[in-house]
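In what follows, a structure is listed as structure tokens, so that the remarks can point back to it.
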Amino acid sequence: MSDIGFIIPTAPQFDFQRTVLSHGWLMLPPFTWDGEEGALAYAYESAAGNVLRLQICGAPDGVQAHLSDSAPMTESLEAELRRAVRTMLNIDWDLSPFYAAMRAHQSYEWLEEERRGRILIAPSLWEDLAKVLLTTNCSWSQTVNMCRQLCLLGAPHPNIKDCHAFPSPGRIAAMDFDQFAESVRAGYRSAYLYELAGKIAKGEIDLGAWLRLDSAALFKAVKSLKGFGDYAAGTIARMYGHFDHIAIDTACHTMFAERHNGGVKGSVDDIKTHYERFGPWRGLVMWMDIMRHHGE
DNA sequence: TTCCAGGGGTAGA
DNA sequence: TCTACCCATGGA
């Protein structure tokens, strides 16, 4: 038990900042990112129903986490928070086989050198599903806006203004649909989101079981949800450690055209064919290509 | 005004 | 399986 939080040791290949910056998730509440301090914060709703502001920073040979709102840290809460941090940063991924496989390919040395490949996710699959749905068929700025509005429906922090946890499925399911849709302003996506929340709340979907599925089964399960197609299922699969699908969206098309296809837009089959050479790592290589391309 | 963004559902061939 | 057409929203 400690008021200053705890440290989770990490393997040498782990890079906190690279993980946080692995995609746009750090911009979506209840995450906030302080780039100058290198601190990631997350409004976390504990199993006991308390909303806490969890702050996570890089530390020598590990990551350090603490509650920035002086909330008391009990032993069981610390265990819960440790699990959440491990999940969010995908700390338990072993990327050694990925780096080893990529040594056979030219122009990808930077992956291992820069310890890239680890991806930031939410503490719950429900939250990631909801967020991925909010990336479909809209600009990124709209995704951020919709997510912000969605989060306002979550349980509020007791003494930090405008700080809410991500809304639980039950919290959404308990709302009137029209009120929900008017709050989130997610267009036709609102119905898909509301339906998903309802199914989880009623126990018709067990996302805990989904976490134990293999790549093909998880992909299929996500695609069975309304509003989730190849892109969304591939994105979720990638975030949960399965890289044998390519999540093709406009960002992928743009990157592929400019980086691999002489500025000409390629077909979906062109893209799939190009990445086949990376076998089970193809989905991760494609995403790293996007991130690399984006950073240039 | 039209187009489009980290797409996807559906009807009809 | 493939193709149109439709879907709410907000910024350009």
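A quick note: this is a predicted structure, and the numbers were derived from the prediction, not measured. All chains are named by letter (A, B, ...) in the order of the sequence lines, taking the proteins before the strands, and each is independently numbered beginning at 1.
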How would you label the contact of [X] with the nucleic acid (heavy atoms, under 4.0 Å): base, sugar-phosphate, or nothing?
X       : answer
D230(A) : sugar-phosphate
A232(A) : sugar-phosphate
L225(A) : sugar-phosphate
S139(A) : base

Reckon [X] has a side-chain N or O less than 4.0 Å from the OP1 or OP2 of [N]?
X       : N       : value
R185(A) : dG10(C) : yes
K226(A) : dT10(B) : yes
T136(A) : dA5(B)  : no

Query raised in the report: If you measure from the P atom in dC5(C) to the same atom in dG6(B), how many Å do you get, rounded?
Result: 25 Å
Query raised in the report: If you measure from the P atom in dA8(C) to the same atom in dA11(B), how many Å do you get, rounded?
Result: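 One P to the other, the span is 15 Å.
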Whole angstrom value for the distance that separates [atom2] of [N] from [atom1] of [X]:
X       : N       : atom1 : atom2 : result
L193(A) : dA8(C)  : CG    : C1'   : 14 Å
Y192(A) : dT10(B) : OH    : P     : 7 Å
K223(A) : dG7(B)  : NZ    : P     : 15 Å
I246(A) : dG6(B)  : CD1   : C1'   : 15 Å
Q142(A) : dA12(C) : CD    : C1'   : 12 Å
F180(A) : dA8(C)  : CZ    : P     : 15 Å
L134(A) : dG10(C) : CG    : P     : 13 Å
Y194(A) : dA8(C)  : OH    : P     : 17 Å

Query raised in the report: Which residue, F228(A) or R238(A), contacts DNA chain B at a nucleotide closer to its 5' end, judged by nearest heavy atom?
Result: R238(A)
Could you tell me whether [X] and [Y] make a salt bridge, using a distance below 4.0 angstrom between a side-chain N and a carboxylate O?
X       : Y       : value
R185(A) : E182(A) : yes
K272(A) : E276(A) : no
E114(A) : R292(A) : yes
D230(A) : K223(A) : yes

Query raised in the report: Has the side chain of Y188(A) got a donor or acceptor atom sitting under 3.5 Å from an opposite partner on the base of dG7(B)?
Result: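 Checked by distance alone, the answer is yes.
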Query raised in the report: May Y231(A) be described as stacking on the base of dG7(B), applying a 5.5 Å centroid limit and a 30° limit on plane angle?
Result: no
**Report entry** For Y240(A), the option from N90(A), T87(A), L125(A) that meets side-chain contact (heavy atoms from CB on, under 4.5 Å)
**Finding:** L125(A)
